[in-house]
Amino acid sequence: MKSFSERMPRLGTENAFSVINKAKKFEREVLAPKGEKLIYLQIGEPGFDTPKNINDAAVKAIEKNMTHYTPTAGIPELREAVAEYSSRNACVNYEPEDVVVVPGGKPVMFYMLNALIDPGDEVIIPSPGYPIYGSVTEYLGGKVVPIALREENDFNFTSDDLKKAITKKTKVIILNTPQNPTGGVFTKKLIEEIAELAIKHDLWVLSDEIYDRIVHEGEHFSITNIEGMPERTVLLNGCSKTYAMTGYRIGWAVTKNAEMAKYIEQLACNDVSCTNTMTQFAALEAITGPQGSIEEMRTEYKKRRDLMVELVHGIPGMHCKSPKGAFYLMVNVKEILDKLEISAGKLCDRIMEEAHVLILPGTCFGHFGENFVRFSYVSTEANIKDGLAKIKKFIETIYK
Ligand SMILES: Cc1ncc(COP(=O)(O)O)c(C=O)c1O
């Protein structure tokens, strides 16, 4: 058999998925025979059903036989609605032609980086950060340049770190605010400094704002609100997190750079032809219909966040900042790791095997996550209380 392409081994993955597969196997083979279950506190998706008006719109689209191809960049009414939706945070009015609708937020990363990266080009990536940014960069032969999100700065990076990271080969800076996995929200000041550097060094920005409606303290500030940025920025957003629509698969790229929009559309045409048609009608209802569910979900997440932060602080060796956005909690476990002389990955394995709770090691999100574990607080209050009590009991045995 002839060999696979030389770029294939460079493609990474979301390790969270392999952790879940391992956990499901453990639950099936070890816990189920004893009538026991795992508590899943690693989940990266909304803990709510999709609002009914959105599901109804999808059903109606099927009933009306909206089951054929659409234009690659999306149905005109959705592109128009997304343009308006994206303009609320921007210094420009986006037009429908600035929008390319794609199946989720993830394809935006893949298409934008494909449009830009040649071997040797450098991409600056927050660390710990969403693993797909680095995976796709390396797949394309680019070089990942991680910059640390600092716990002491509420998981912002510093503009000094960014200045040091920029070289002649830098092509793209990737931002993600509010952030996965830290829950950090970048300050307006930092975003302004990033914009200044991006303009000075003539860089592209991928601004992943998929959690923009889940902000518990302060306000979301988009880099597209700064003059000179919409032309060099691809704004990534979608319905997955805001409207609890992860399985629908819908997102969009928005940019004032016409050539970039054209290339993203062309890549999408080669890849998927178009985004699922009924999904597009559901998304149209999501962003133009009643918006009350967003605040209901956010209020509930905030309650669960506060509960989880309080319970984490009752566990020896664990401490965390109260995150301002998204639905993740990055917990510092350095003391426990040093005490046991193990990695965060091994600690999570032990928590799964001995406390029967699943959480993720910070290293799933890059090198700078090594002293952390990530909890998500989308689960029910009962699960959060039960899971944290089990972890506490396990950690206390270590401290005895
Ligand atoms: C930071 C970030 N960006 C993008 C995505 C992908 O979103 P989607 O499911 O719409 O592809 C996720 C999903 O977890 C995420 O955490």
Side-chain angles (χ1 to χ4, degrees), residues 12-20 40 42-48 50 54 74 78 82 85-86 99-113 123 125-137 146 149 155 157 172-186 205-215 220 222-223 233-254 264 268 271-272 275-276 279-280 282-283 286-287 301 323-330 360 362 364-366 369 374-378:
T13 185
E14 243 183 290
N15 285 333
F17 285 112
S18 41
V19 171
I20 294 163
Y40 291 89
Q42 93 301 343
I43 305 164
E45 66 163 318
F48 296 96
T50 308
I54 298 173
L78 180 58
V82 169
Y85 182 85
S86 311
V99 175
V100 186
V101 173
V102 292
K106 253 183 189 172
V108 179
M109 302 166 199
F110 201 75
Y111 299 154
M112 184 202 185
L113 292 170
V123 181
I125 287 175
S127 176
Y130 192 57
I132 301 308
Y133 311 139
S135 161
V136 175
T137 299
L149 295 169
F155 294 108
F157 54 65
V172 186
I173 305 174
I174 299 186
L175 307 181
N176 171 215
T177 179
Q179 238 256 333
N180 176 12
T182 66
V185 173
F186 278 6
V205 170
L206 171 60
S207 186
D208 181 345
E209 302 183 23
I210 198 100
Y211 297 99
D212 67 339
R213 308 295 292 273
I214 313 177
V215 178
H220 172 69
S222 171
I223 200 159
T233 300
V234 173
L235 168 66
L236 176 162
N237 210 333
C239 293
S240 295
K241 315 289 173 172
T242 306
Y243 300 99
M245 289 172 67
T246 48
Y248 271 96
R249 307 311 302 137
I250 187 138
W252 45 79
V254 183
I264 291 178
D271 188 19
V272 290
T275 300
N276 176 307
T279 287
Q280 294 191 55
I287 62 174
Y301 289 141
K324 291 188 167 66
F327 36 60
Y328 306 109
L329 195 63
M330 206 59 173
L360 294 177
C364 273
F365 304 92
R374 191 197 79 173
F375 288 74
S376 102
Y377 50 86
V378 297

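Order of listing sets the numbers, starting from 1, for every ligand and every atom in it.
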Go through the structure and list residues passing side-chain hydrogen bond (donor to acceptor under 3.5 Å, both in side chains) with T50, not counting sequence neighbours. none

Could you go step by step and tell me if Y328 and T182 meet the side-chain contact (heavy atoms from CB on, under 4.5 Å) rule? CA-CA 6 Å; Y328 306 109; T182 66; over 6 Å; no

List the residues meeting side-chain hydrogen bond (donor to acceptor under 3.5 Å, both in side chains) with N176, not counting sequence neighbours, and say none if there are none. none

Measure the shortest side-chain to side-chain distance between V123 and L206 over non-hydrogen atoms and say whether it is less than 4.5 angstrom. no

Could you pull out all residues at least two apart from S135 that satisfy side-chain contact (heavy atoms from CB on, under 4.5 Å)? L11

Neighbouring residues of ligand 1, heavy-atom cut-off under 4.0 Å: G104, G105, K106, M109, Y130, Y133, N176, N180, D208, I210, Y211, S240, K241, R249

Shortest non-hydrogen pair, S240 vs R249, comes out as OG-NH1, 3.9 Å

